[in-house]
S.K.: 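Take this structure, written in structure tokens, and hold onto it; I'll ask about it next.
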Amino acid sequence: MSKEYSQWIFTEEELTRTPSALEGMSLEEEREKRGKGCNFILQVGIALKLPQLTLSTASTFLHRFYMRHCLQKHHYYDTGATALYLATKVEENMRKFEQLITECVRVAQKNPHLIVDKESKEFWKWRDVIIEKEELLLEAICFDMTFEQPYTLLISFSHQLKFETKLLMKTAWSFVNDSYMTMLCLLFPARTIAAAALYCAAKHCKVNFQDQDNKPWWEIVGVKIKDIKRACNYMASVYENNPLKNDIVRYVSTPESGESSTTRARSQKTPAEVSPSYSSQPTYSNGSRGSSIDTGSVAGKRMREGSEEGEEVSTPVKKQKMEGLPQTPESVKKRRSSSRDSETQRVDSSGVKGGRAKDRDRDVPAFTNGNGESRGRASPAPTRTDPPPTMDEDLSEGEVA
């Protein structure tokens, strides 16, 4: 094992003797609270529109912090907020400190539209907690703030193995996202996590990798197949013990002993005997499943059906369809003819069509001289802006004249 991961990679037995476990907390409760802390980071990061690399860095900081301190003394919300604040500076995705505190308050109180006053007691409490705990977090992680990410390794593996399947990459990416909700980053280095994500994605998408120079794909990326199987089994156990899991889907574990052809995810001349069964609907990283939902009201559906049949839908017809009344061809024709007749009557009675007067209906042309000759269109009279003259002013002007 390289020196880079020597102090942050633990065995499963060592994870049973964490500071929280030594203080009397059960392993299930500790895993649950660690997951809640990472979920808090995820929710705040989504509100702040932070990239996934920043969120994974913050989750790693949280898991490493609780290998030095216990959950009984340090709440996972406080640690998650501090880890996210530090990760934004490490990954150079800074957000305003006031904005970060505001989103932390909203997520903690489960009210995304909460108006947070900057002078309130809650705002200053979160501010003091983040500032004070940042130094403690840096000390706990030994100021080790740069490390390799599985996301960048996945892209590197795609170039080495020469595959360009978007579905495969999305599935592997989701596996890595889910792994940060667990303690997998404390059991395996980033390269093993990326290889395990690729292995699970290949199983799910039924993709086989071609051998290169008679070497299987895990030797090309430089990972042992035994470590890949261990990581996959750990994630399978986490999925199985999830309280929000779907009972229909079964996550089949991979045998860690031996190198049978059915667990290699490499192309073979004979088809694999058994492959894990997955649901036909896509599974997202949060555990939700896709489904088709019919949207639109009944009236809207009727209007769409009428337009598809080639029927010209006018405003009265729309109103009648929205009210749910039956439609017949006779009623539609009668309504159209009545609307045209009423429009003709309005034009004949007023002599106006489109808002323009007809000169033929006038007795005398509007712009003629006394002999009947047309003088063209008269210019409008100028508007007087000064006040009208008084009686005294008129008399004085007449005397001068």
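Source: prediction; values computed, not measured.
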S.K.: Work out which heavy atom in Cys232 is nearest to a heavy atom in Ala196; give both atom names and the distance.
M.R.: SG-O, 3.8 Å
S.K.: Between Phe175 and His204 (judged by ring centroids, cut-off 6.0 Å), do the two rings come close enough to count as a pair?
M.R.: no
S.K.: Working note: Arg106 + Glu103, criterion salt bridge (charged side-chain N to carboxylate O under 4.0 Å, His left out); need CA distance, chi angles, decisive distance, verdict.
M.R.: CA-CA 5 Å; Arg106 290 174 177 174; Glu103 296 301 333; 3.3 Å; yes
S.K.: Do Asp227 and Lys224 meet the salt-bridge criterion of a basic N to acidic O distance under 4.0 Å?
M.R.: no
S.K.: Got more than 12 heavy atoms from elsewhere within 6.0 Å of CD, Gln72?
M.R.: yes
S.K.: Tell me if the CD1 atom of Ile115 is crowded by more than 12 foreign heavy atoms within 6.0 Å.
M.R.: no
S.K.: Could you measure the distance from the CG atom of Leu86 to the NZ atom of Lys133? Nearest 0.5 Å is fine.
M.R.: 13.5 Å
S.K.: Within 45° of the axis and under 6.0 Å from the centre of the six-membered ring of Phe147, does NZ or CZ of Arg64 qualify?
M.R.: yes
S.K.: Verify the ring-centre separation between Tyr85 and Phe97: is it less than 6.0 angstrom?
M.R.: yes
S.K.: What I want to find out is whether Glu28 reaches Arg31 closely enough, with some N-O distance under 4.0 Å, to be called a salt bridge.
M.R.: no
S.K.: May I have the step-by-step check of side chain to side chain donor-acceptor pair (under 3.5 Å) for Asn93 and Thr54, ending in yes or no?
M.R.: CA-CA 8 Å; Asn93 290 305; Thr54 305; 2.8 Å; yes
S.K.: What pairs with Glu134 under salt bridge (Lys or Arg N to Asp or Glu O under 4.0 Å), at least two apart in sequence or on another chain?
M.R.: Lys89
S.K.: Can you tell me how far CZ of Phe188 sits from CD1 of Ile9, rounded to the nearest 0.5 angstrom?
M.R.: 9.0 Å
